[in-house]
**Q** 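Can you keep this structure in mind? I'll have questions shortly.
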2 protein chains.
Amino acid sequence: MARKSYSWGMTPTQPPSTETGENWLRLDRQICFSLHAASRAFNGVYRVLLKDLGLTYPQYLVMLVLWEHGDLPVKKLGSFLRLDSGTLSPLLKRLEAAGLVTRERSARDERSVEVRLTGAGLALREQALQVPRRIAAATGFGLDEIRDLHERLDRLTTALDAAALEETPGCP
Amino acid sequence: MARKSYSWGMTPTQPPSTETGENWLRLDRQICFSLHAASRAFNGVYRVLLKDLGLTYPQYLVMLVLWEHGDLPVKKLGSFLRLDSGTLSPLLKRLEAAGLVTRERSARDERSVEVRLTGAGLALREQALQVPRRIAAATGFGLDEIRDLHERLDRLTTALDAAALEETPGCP
DNA sequence: CGCAATTCAGTTGTGCGCAATTCAATGGCT
DNA sequence: AGCCATTGAATTGCGCACAACTGAATTGCG
(Lines give C-alpha, C1' and ligand atoms only; values in the text may rest on other atoms or scores of the structure.)
Protein backbone atom coordinates (compact mmCIF):
# COMPACT_ATOMS: atom_id res chain seq x y z
CA MET A 1 0.00 0.00 0.00
CA ALA A 2 0.93 3.63 -0.26
CA ARG A 3 2.35 3.36 -3.72
CA LYS A 4 4.04 6.71 -4.07
CA SER A 5 5.72 8.32 -7.01
CA TYR A 6 7.14 5.93 -9.59
CA SER A 7 9.00 8.70 -11.32
CA TRP A 8 11.08 6.68 -13.74
CA GLY A 9 10.85 3.04 -12.90
CA MET A 10 9.47 1.95 -16.27
CA THR A 11 8.08 4.97 -17.96
CA PRO A 12 6.16 3.79 -21.02
CA THR A 13 7.33 6.76 -23.07
CA GLN A 14 10.86 5.31 -23.10
CA PRO A 15 11.93 1.98 -24.51
CA PRO A 16 13.57 -0.39 -21.97
CA SER A 17 16.81 1.43 -22.73
CA THR A 18 19.77 -0.22 -24.39
CA GLU A 19 23.02 0.99 -22.94
CA THR A 20 22.64 4.57 -21.74
CA GLY A 21 19.66 3.63 -19.67
CA GLU A 22 18.17 3.36 -16.25
CA ASN A 23 20.31 0.54 -14.96
CA TRP A 24 23.41 2.60 -15.58
CA LEU A 25 22.30 5.23 -13.15
CA ARG A 26 21.72 2.52 -10.59
CA LEU A 27 25.07 0.86 -11.10
CA ASP A 28 26.84 4.16 -10.99
CA ARG A 29 25.26 5.06 -7.72
CA GLN A 30 26.54 1.85 -6.28
CA ILE A 31 30.19 2.33 -7.18
CA CYS A 32 30.70 5.91 -6.20
CA PHE A 33 28.34 5.79 -3.30
CA SER A 34 29.92 2.66 -1.83
CA LEU A 35 33.28 4.34 -1.81
CA HIS A 36 31.84 7.51 -0.36
CA ALA A 37 30.05 5.59 2.36
CA ALA A 38 33.05 3.41 3.18
CA SER A 39 35.24 6.45 3.49
CA ARG A 40 32.83 8.08 5.90
CA ALA A 41 32.42 4.89 7.88
CA PHE A 42 36.18 4.62 8.22
CA ASN A 43 36.28 8.20 9.32
CA GLY A 44 33.69 7.48 11.97
CA VAL A 45 35.68 4.64 13.50
CA TYR A 46 38.84 6.71 13.48
CA ARG A 47 37.00 9.58 15.07
CA VAL A 48 36.19 7.36 18.05
CA LEU A 49 39.66 5.82 18.35
CA LEU A 50 41.52 9.08 17.88
CA LYS A 51 39.49 11.05 20.37
CA ASP A 52 41.84 9.88 23.13
CA LEU A 53 44.81 11.21 21.18
CA GLY A 54 43.11 14.52 20.54
CA LEU A 55 43.54 14.11 16.80
CA THR A 56 41.18 14.24 13.87
CA TYR A 57 41.65 11.71 11.12
CA PRO A 58 43.45 14.05 8.70
CA GLN A 59 45.65 15.24 11.55
CA TYR A 60 46.46 11.62 12.28
CA LEU A 61 47.51 11.14 8.67
CA VAL A 62 49.85 14.11 8.96
CA MET A 63 51.36 12.71 12.14
CA LEU A 64 51.83 9.33 10.46
CA VAL A 65 53.85 10.95 7.70
CA LEU A 66 55.94 12.91 10.16
CA TRP A 67 56.57 9.84 12.31
CA GLU A 68 57.62 7.90 9.25
CA HIS A 69 59.68 10.49 7.38
CA GLY A 70 60.73 12.90 10.08
CA ASP A 71 60.61 16.66 9.77
CA LEU A 72 59.41 17.88 6.42
CA PRO A 73 58.60 21.11 4.61
CA VAL A 74 54.90 21.73 4.07
CA LYS A 75 55.28 21.08 0.36
CA LYS A 76 56.69 17.57 0.85
CA LEU A 77 54.08 16.80 3.45
CA GLY A 78 51.42 17.81 0.97
CA SER A 79 52.84 15.64 -1.79
CA PHE A 80 52.76 12.59 0.47
CA LEU A 81 49.14 13.22 1.36
CA ARG A 82 47.99 14.81 -1.89
CA LEU A 83 46.92 17.90 -0.01
CA ASP A 84 47.68 21.53 -0.76
CA SER A 85 48.54 24.42 1.50
CA GLY A 86 44.94 25.54 1.59
CA THR A 87 44.17 22.43 3.61
CA LEU A 88 47.48 21.99 5.41
CA SER A 89 48.11 25.50 6.63
CA PRO A 90 45.18 25.71 9.04
CA LEU A 91 45.54 22.05 9.99
CA LEU A 92 49.20 22.52 10.90
CA LYS A 93 48.34 25.62 12.85
CA ARG A 94 46.01 23.52 14.97
CA LEU A 95 48.67 20.85 15.46
CA GLU A 96 51.04 23.62 16.50
CA ALA A 97 48.48 25.03 18.91
CA ALA A 98 48.18 21.52 20.38
CA GLY A 99 51.93 21.49 20.92
CA LEU A 100 52.61 18.55 18.63
CA VAL A 101 54.63 20.32 15.93
CA THR A 102 56.48 23.54 15.30
CA ARG A 103 56.51 25.52 12.06
CA GLU A 104 59.54 27.49 11.08
CA ARG A 105 60.58 29.15 7.86
CA SER A 106 63.58 27.47 6.36
CA ALA A 107 66.81 29.44 6.56
CA ARG A 108 68.02 28.23 3.18
CA ASP A 109 64.77 28.97 1.38
CA GLU A 110 62.59 31.57 3.00
CA ARG A 111 59.61 30.44 0.96
CA SER A 112 59.57 27.05 2.57
CA VAL A 113 58.22 26.23 6.04
CA GLU A 114 59.70 23.32 7.93
CA VAL A 115 57.33 21.26 10.08
CA ARG A 116 59.04 19.62 13.06
CA LEU A 117 57.74 17.18 15.65
CA THR A 118 57.96 18.37 19.22
CA GLY A 119 58.72 16.02 22.10
CA ALA A 120 55.00 15.70 22.71
CA GLY A 121 54.42 14.99 19.03
CA LEU A 122 57.01 12.24 19.05
CA ALA A 123 55.69 10.84 22.32
CA LEU A 124 52.19 10.62 20.92
CA ARG A 125 53.39 7.88 18.59
CA GLU A 126 53.47 5.44 21.47
CA GLN A 127 49.75 5.87 22.00
CA ALA A 128 49.11 5.70 18.28
CA LEU A 129 50.76 2.32 17.99
CA GLN A 130 47.70 0.45 19.12
CA VAL A 131 45.32 2.24 16.77
CA PRO A 132 46.04 0.19 13.63
CA ARG A 133 45.29 -3.11 15.31
CA ARG A 134 41.95 -1.86 16.53
CA ILE A 135 41.14 -0.53 13.09
CA ALA A 136 42.07 -3.77 11.41
CA ALA A 137 39.87 -5.60 13.88
CA ALA A 138 37.00 -3.22 13.16
CA THR A 139 37.12 -3.99 9.46
CA GLY A 140 36.71 -7.69 10.07
CA PHE A 141 39.02 -8.27 7.09
CA GLY A 142 41.98 -10.58 6.98
CA LEU A 143 45.43 -9.24 6.28
CA ASP A 144 45.55 -10.58 2.74
CA GLU A 145 42.10 -9.27 1.99
CA ILE A 146 43.15 -5.86 3.24
CA ARG A 147 46.20 -6.00 1.05
CA ASP A 148 44.10 -6.94 -1.94
CA LEU A 149 41.64 -4.13 -1.32
CA HIS A 150 44.50 -1.74 -0.93
CA GLU A 151 45.95 -2.73 -4.27
CA ARG A 152 42.63 -2.24 -6.03
CA LEU A 153 42.04 1.12 -4.44
CA ASP A 154 45.47 2.37 -5.40
CA ARG A 155 44.92 1.23 -8.96
CA LEU A 156 41.57 2.97 -8.95
CA THR A 157 43.06 6.18 -7.64
CA THR A 158 45.80 6.16 -10.24
CA ALA A 159 43.30 5.60 -13.04
CA LEU A 160 40.96 8.30 -11.75
CA ASP A 161 43.75 10.83 -11.37
CA ALA A 162 44.90 10.17 -14.91
CA ALA A 163 41.34 10.45 -16.21
CA ALA A 164 40.77 13.69 -14.34
CA LEU A 165 43.75 15.22 -16.08
CA GLU A 166 42.57 14.14 -19.52
CA GLU A 167 39.02 15.15 -18.83
CA THR A 168 39.87 18.66 -17.70
CA PRO A 169 38.72 21.22 -20.29
CA GLY A 170 42.09 22.90 -20.62
CA CYS A 171 44.52 20.04 -20.40
CA PRO A 172 48.04 19.79 -21.78
CA MET B 1 73.15 13.02 -0.33
CA ALA B 2 71.10 15.10 2.03
CA ARG B 3 70.26 12.33 4.43
CA LYS B 4 67.70 14.04 6.59
CA SER B 5 65.99 13.03 9.78
CA TYR B 6 65.61 9.32 10.32
CA SER B 7 63.41 9.80 13.33
CA TRP B 8 62.25 6.22 13.90
CA GLY B 9 63.29 4.07 11.00
CA MET B 10 65.28 1.63 13.11
CA THR B 11 66.04 3.32 16.35
CA PRO B 12 68.57 1.19 18.19
CA THR B 13 66.88 1.90 21.53
CA GLN B 14 63.92 -0.24 20.42
CA PRO B 15 63.93 -3.91 19.55
CA PRO B 16 62.71 -4.76 16.04
CA SER B 17 59.21 -4.77 17.49
CA THR B 18 57.08 -7.87 17.55
CA GLU B 19 53.45 -7.14 16.84
CA THR B 20 52.63 -3.64 18.03
CA GLY B 21 55.49 -2.26 16.03
CA GLU B 22 56.58 0.00 13.26
CA ASN B 23 55.25 -2.05 10.37
CA TRP B 24 51.76 -1.79 11.75
CA LEU B 25 51.75 1.95 11.46
CA ARG B 26 52.88 1.59 7.87
CA LEU B 27 50.27 -0.98 6.98
CA ASP B 28 47.57 0.98 8.64
CA ARG B 29 48.42 4.05 6.70
CA GLN B 30 47.97 2.12 3.54
CA ILE B 31 44.46 0.88 4.20
CA CYS B 32 42.83 3.99 5.49
CA PHE B 33 44.83 6.32 3.33
CA SER B 34 44.09 4.37 0.15
CA LEU B 35 40.41 4.65 0.79
CA HIS B 36 40.67 8.31 1.64
CA ALA B 37 42.70 9.01 -1.48
CA ALA B 38 40.42 6.97 -3.73
CA SER B 39 37.40 8.79 -2.41
CA ARG B 40 38.96 12.15 -3.13
CA ALA B 41 40.11 11.04 -6.55
CA PHE B 42 36.57 9.93 -7.38
CA ASN B 43 35.32 13.24 -6.15
CA GLY B 44 37.74 15.02 -8.45
CA VAL B 45 36.54 13.19 -11.54
CA TYR B 46 32.92 13.80 -10.64
CA ARG B 47 33.68 17.45 -10.04
CA VAL B 48 34.81 17.76 -13.64
CA LEU B 49 31.95 15.76 -15.13
CA LEU B 50 29.26 17.39 -13.04
CA LYS B 51 30.36 20.94 -13.68
CA ASP B 52 28.20 20.99 -16.82
CA LEU B 53 25.17 19.98 -14.77
CA GLY B 54 25.88 22.61 -12.15
CA LEU B 55 25.96 19.96 -9.42
CA THR B 56 28.45 19.02 -6.75
CA TYR B 57 29.01 15.36 -6.08
CA PRO B 58 26.84 15.15 -2.95
CA GLN B 59 24.13 17.08 -4.74
CA TYR B 60 24.36 14.55 -7.56
CA LEU B 61 23.85 11.76 -5.05
CA VAL B 62 20.72 13.46 -3.77
CA MET B 63 19.40 13.85 -7.30
CA LEU B 64 20.11 10.17 -8.00
CA VAL B 65 17.97 9.15 -5.06
CA LEU B 66 15.17 11.47 -6.08
CA TRP B 67 15.26 10.25 -9.68
CA GLU B 68 15.13 6.70 -8.49
CA HIS B 69 12.60 6.91 -5.68
CA GLY B 70 10.62 10.00 -6.51
CA ASP B 71 9.61 12.69 -4.04
CA LEU B 72 10.73 11.98 -0.50
CA PRO B 73 10.72 13.56 2.93
CA VAL B 74 14.10 14.78 4.12
CA LYS B 75 14.30 12.00 6.67
CA LYS B 76 13.96 9.24 4.07
CA LEU B 77 16.42 10.96 1.79
CA GLY B 78 18.88 11.03 4.64
CA SER B 79 18.45 7.37 5.44
CA PHE B 80 19.23 6.43 1.85
CA LEU B 81 22.39 8.50 1.88
CA ARG B 82 23.32 8.11 5.52
CA LEU B 83 23.23 11.86 5.96
CA ASP B 84 21.48 13.93 8.59
CA SER B 85 19.58 17.17 8.39
CA GLY B 86 22.67 19.11 9.36
CA THR B 87 24.15 18.21 6.00
CA LEU B 88 20.98 17.96 3.95
CA SER B 89 19.21 21.14 4.97
CA PRO B 90 21.70 23.59 3.47
CA LEU B 91 22.34 21.28 0.51
CA LEU B 92 18.64 21.10 -0.31
CA LYS B 93 18.36 24.85 0.03
CA ARG B 94 20.99 25.19 -2.65
CA LEU B 95 19.20 22.71 -4.89
CA GLU B 96 16.03 24.69 -4.33
CA ALA B 97 17.79 27.95 -5.16
CA ALA B 98 18.99 26.26 -8.37
CA GLY B 99 15.39 25.46 -9.23
CA LEU B 100 15.83 21.69 -9.18
CA VAL B 101 13.66 20.84 -6.19
CA THR B 102 11.00 22.33 -3.97
CA ARG B 103 10.68 21.89 -0.22
CA GLU B 104 7.31 21.90 1.43
CA ARG B 105 6.16 20.94 4.89
CA SER B 106 3.93 17.92 4.80
CA ALA B 107 0.26 18.55 5.49
CA ARG B 108 -0.21 15.27 7.34
CA ASP B 109 2.84 15.73 9.56
CA GLU B 110 3.97 19.27 10.01
CA ARG B 111 7.37 18.14 11.25
CA SER B 112 8.24 16.53 7.96
CA VAL B 113 9.44 18.37 4.86
CA GLU B 114 8.71 16.87 1.46
CA VAL B 115 11.37 17.28 -1.23
CA ARG B 116 9.95 17.31 -4.75
CA LEU B 117 11.65 17.39 -8.13
CA THR B 118 10.73 20.33 -10.33
CA GLY B 119 10.45 20.04 -14.08
CA ALA B 120 14.02 21.25 -14.39
CA GLY B 121 15.14 18.72 -11.82
CA LEU B 122 13.48 15.90 -13.71
CA ALA B 123 14.83 17.16 -17.02
CA LEU B 124 18.37 17.19 -15.67
CA ARG B 125 18.26 13.42 -15.54
CA GLU B 126 18.64 13.27 -19.30
CA GLN B 127 22.00 14.99 -19.09
CA ALA B 128 23.02 12.86 -16.14
CA LEU B 129 22.48 9.65 -18.07
CA GLN B 130 25.84 9.83 -19.76
CA VAL B 131 27.79 10.48 -16.57
CA PRO B 132 28.00 6.85 -15.36
CA ARG B 133 29.54 5.60 -18.57
CA ARG B 134 32.23 8.25 -18.47
CA ILE B 135 32.94 7.47 -14.83
CA ALA B 136 33.18 3.76 -15.49
CA ALA B 137 35.56 4.50 -18.34
CA ALA B 138 37.66 6.69 -16.05
CA THR B 139 38.13 3.89 -13.54
CA GLY B 140 39.56 1.58 -16.17
CA PHE B 141 37.80 -1.25 -14.36
CA GLY B 142 35.65 -3.92 -15.91
CA LEU B 143 32.05 -4.36 -14.89
CA ASP B 144 32.68 -7.47 -12.85
CA GLU B 145 35.65 -5.92 -11.14
CA ILE B 146 33.53 -2.92 -10.23
CA ARG B 147 30.87 -5.22 -8.87
CA ASP B 148 33.45 -7.07 -6.81
CA LEU B 149 34.89 -3.87 -5.40
CA HIS B 150 31.42 -2.69 -4.60
CA GLU B 151 30.69 -5.83 -2.65
CA ARG B 152 33.88 -5.53 -0.62
CA LEU B 153 33.29 -1.87 0.16
CA ASP B 154 29.76 -2.51 1.33
CA ARG B 155 30.96 -5.32 3.55
CA LEU B 156 33.63 -3.01 4.90
CA THR B 157 31.14 -0.25 5.60
CA THR B 158 28.81 -2.61 7.42
CA ALA B 159 31.64 -3.94 9.58
CA LEU B 160 32.93 -0.46 10.35
CA ASP B 161 29.51 0.84 11.27
CA ALA B 162 28.97 -2.05 13.63
CA ALA B 163 32.39 -1.58 15.17
CA ALA B 164 31.81 2.15 15.64
CA LEU B 165 28.69 1.40 17.65
CA GLU B 166 30.47 -1.08 19.89
CA GLU B 167 33.50 1.13 20.26
CA THR B 168 31.55 4.17 21.36
CA PRO B 169 32.20 4.88 25.07
CA GLY B 170 28.55 5.02 26.05
CA CYS B 171 27.00 2.28 23.98
CA PRO B 172 23.82 0.29 24.65
C1' DC C 1 73.03 42.39 -13.75
C1' DG C 2 68.07 42.95 -13.87
C1' DC C 3 63.61 41.58 -15.07
C1' DA C 4 60.21 37.95 -15.69
C1' DA C 5 58.47 33.42 -14.66
C1' DT C 6 58.13 30.08 -11.19
C1' DT C 7 57.66 28.24 -6.54
C1' DC C 8 55.88 28.07 -1.86
C1' DA C 9 52.73 29.40 2.09
C1' DG C 10 49.04 31.59 3.37
C1' DT C 11 44.26 33.61 2.90
C1' DT C 12 39.49 33.77 1.29
C1' DG C 13 35.27 31.78 -0.08
C1' DT C 14 32.26 27.80 -0.93
C1' DG C 15 30.54 23.42 0.18
C1' DC C 16 30.42 18.94 2.70
C1' DG C 17 30.17 16.15 7.22
C1' DC C 18 29.09 15.71 11.83
C1' DA C 19 28.12 16.81 16.79
C1' DA C 20 25.22 19.40 19.66
C1' DT C 21 21.44 22.24 20.36
C1' DT C 22 16.79 24.33 19.53
C1' DC C 23 12.01 24.23 18.47
C1' DA C 24 7.69 22.69 16.98
C1' DA C 25 4.70 18.76 16.11
C1' DT C 26 3.39 14.27 17.27
C1' DG C 27 2.24 10.13 19.85
C1' DG C 28 2.00 7.41 23.90
C1' DC C 29 0.60 6.89 28.63
C1' DT C 30 -1.92 7.59 32.57
C1' DA D 1 -7.76 15.45 28.48
C1' DG D 2 -3.06 16.53 30.01
C1' DC D 3 1.66 15.62 30.34
C1' DC D 4 6.01 13.97 28.72
C1' DA D 5 9.13 11.51 25.66
C1' DT D 6 10.12 11.20 20.94
C1' DT D 7 10.62 12.67 16.30
C1' DG D 8 11.93 15.76 12.28
C1' DA D 9 14.06 19.74 10.58
C1' DA D 10 16.82 23.57 11.15
C1' DT D 11 20.75 26.06 13.09
C1' DT D 12 25.42 26.71 15.02
C1' DG D 13 30.12 25.63 15.34
C1' DC D 14 34.21 23.23 13.96
C1' DG D 15 37.18 20.95 10.75
C1' DC D 16 38.42 19.25 6.10
C1' DA D 17 38.85 19.80 0.82
C1' DC D 18 39.54 22.53 -2.97
C1' DA D 19 39.65 26.61 -6.19
C1' DA D 20 41.30 31.10 -6.73
C1' DC D 21 44.09 34.60 -5.34
C1' DT D 22 47.95 37.22 -2.76
C1' DG D 23 52.56 38.08 -1.68
C1' DA D 24 57.19 37.06 -0.91
C1' DA D 25 61.38 34.51 -2.23
C1' DT D 26 63.90 32.23 -5.69
C1' DT D 27 65.35 30.89 -10.26
C1' DG D 28 66.37 31.58 -14.91
C1' DC D 29 67.16 33.93 -18.98
C1' DG D 30 68.55 37.56 -21.94
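Lettering of chains follows the sequences in order, A, B, ..., and the numbering in each one begins at 1.
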**Q** Please state whether the phosphate of C:dA9, meaning OP1 or OP2, lies under 4.0 angstrom from any side-chain nitrogen or oxygen of A:R105.
**A** no
**Q** What contact category does B:D109 fall into here, base, sugar-phosphate, or nothing, at under 4.0 angstrom with non-hydrogen atoms?
**A** sugar-phosphate
**Q** For D:dG28, give its Watson-Crick or G-U wobble partner with both distances under 3.5 Å, or none.
**A** C:dC3
**Q** Ignoring backbone atoms, establish whether A:H36 has a side-chain N or O less than 4.0 Å from OP1 or OP2 of C:dG17.
**A** yes
**Q** Both A:S89 and B:L61 contact DNA chain C. Which one's nearest nucleotide lies toward the 5' end?
**A** A:S89
**Q** Mind checking A:S85 for me? I need base, sugar-phosphate or nothing, with any heavy atom below 4.0 Å counting as a touch.
**A** base
**Q** Under 4.0 Å between any heavy atoms, over every strand shown, what does A:T56 touch: base, sugar-phosphate, or nothing? Just pick one.
**A** sugar-phosphate
**Q** Could you go through B:E151 and B:R155, starting from their C-alpha distance and side-chain angles, then the distance that decides it, and tell me whether this counts as salt bridge (Lys or Arg N to Asp or Glu O under 4.0 Å)?
**A** CA-CA 6 Å; B:E151 184 272 331; B:R155 198 150 41 89; 2.9 Å; yes
**Q** Could you tell me how far apart B:L77 (CG) and D:dA9 (P) are, to the nearest whole angstrom?
**A** 9 Å
**Q** From the options C:dA19, D:dC16, D:dA9, select the nucleotide whose nearest atom is closest to the side chain of B:D84.
**A** C:dA19
**Q** Does the side chain of A:K93 get closer than 4.0 angstrom to OP1 or OP2 of C:dT11 through an N or O atom?
**A** yes
**Q** Inspect the contact between A:E104 and A:R116 and indicate whether a charged nitrogen and a carboxylate oxygen are less than 4.0 angstrom apart.
**A** yes
**Q** Out of A:D148, A:L153, A:D154, which residue meets the side-chain contact (heavy atoms from CB on, under 4.5 Å) rule with A:H150?
**A** A:D154
**Q** Could you say whether B:R103 or A:T87 is positioned toward the 5' end of DNA chain D, judged by the nucleotide with the nearest heavy atom to each?
**A** B:R103
**Q** Check the phosphate of C:dT7 against A:S112, side-chain N and O only, distance under 4.0 Å to OP1 or OP2. Yes or no?
**A** no
**Q** Between atom CD in A:E104 and atom C1' in C:dG10, what is the gap in whole Å?
**A** 17 Å
**Q** Angle between ring planes, A:Y57 versus B:H36, binned at 30° and 60°: parallel, tilted or perpendicular?
**A** perpendicular
**Q** Which sits closer to the 5' end of DNA chain D, A:L83 or A:A107, going by the nucleotide each is nearest to?
**A** A:L83
**Q** Between atom OH in B:Y46 and atom C1' in C:dC16, what is the gap in whole Å?
**A** 17 Å
**Q** Is there a side-chain contact between A:V115 and A:T102 in this structure, where contact means two heavy atoms from C-beta onward sitting under 4.5 Å apart?
**A** no
**Q** May I have the distance from B:E110 (atom CD) to D:dA10 (atom C1'), rounded to whole angstrom?
**A** 15 Å
**Q** Write down the distance between CD (A:E114) and C1' (C:dC8), rounded to a whole number of angstrom.
**A** 13 Å
**Q** Would you indicate which nucleotide in D:dA9, D:dT26, D:dA19 comes nearest to any side-chain atom of B:R47?
**A** D:dA19
**Q** Pick base, sugar-phosphate or nothing for A:K76, based on heavy-atom distances below 4.0 Å to the nucleic acid.
**A** nothing
**Q** Rounded to whole angstrom units, what separation is found between the OH atom of A:Y57 and the C1' atom of C:dC18?
**A** 17 Å
**Q** Give the rounded distance in Å between these two atoms: CZ of A:F42 and P of C:dC18.
**A** 15 Å
**Q** Are the side chains of B:L77 and B:L92 in touch, meaning some heavy atoms are under 4.5 Å apart?
**A** yes
**Q** Among D:dT26, D:dA10, C:dC16, which nucleotide sits nearest the side chain of A:R111?
**A** D:dT26
**Q** Which whole-number value in Å describes the distance from B:K75 NZ to D:dA10 P?
**A** 13 Å
**Q** Within the 4.0 Å heavy-atom criterion, would you say A:L88 contacts the bases, only the backbone, or no part of the nucleic acid?
**A** nothing
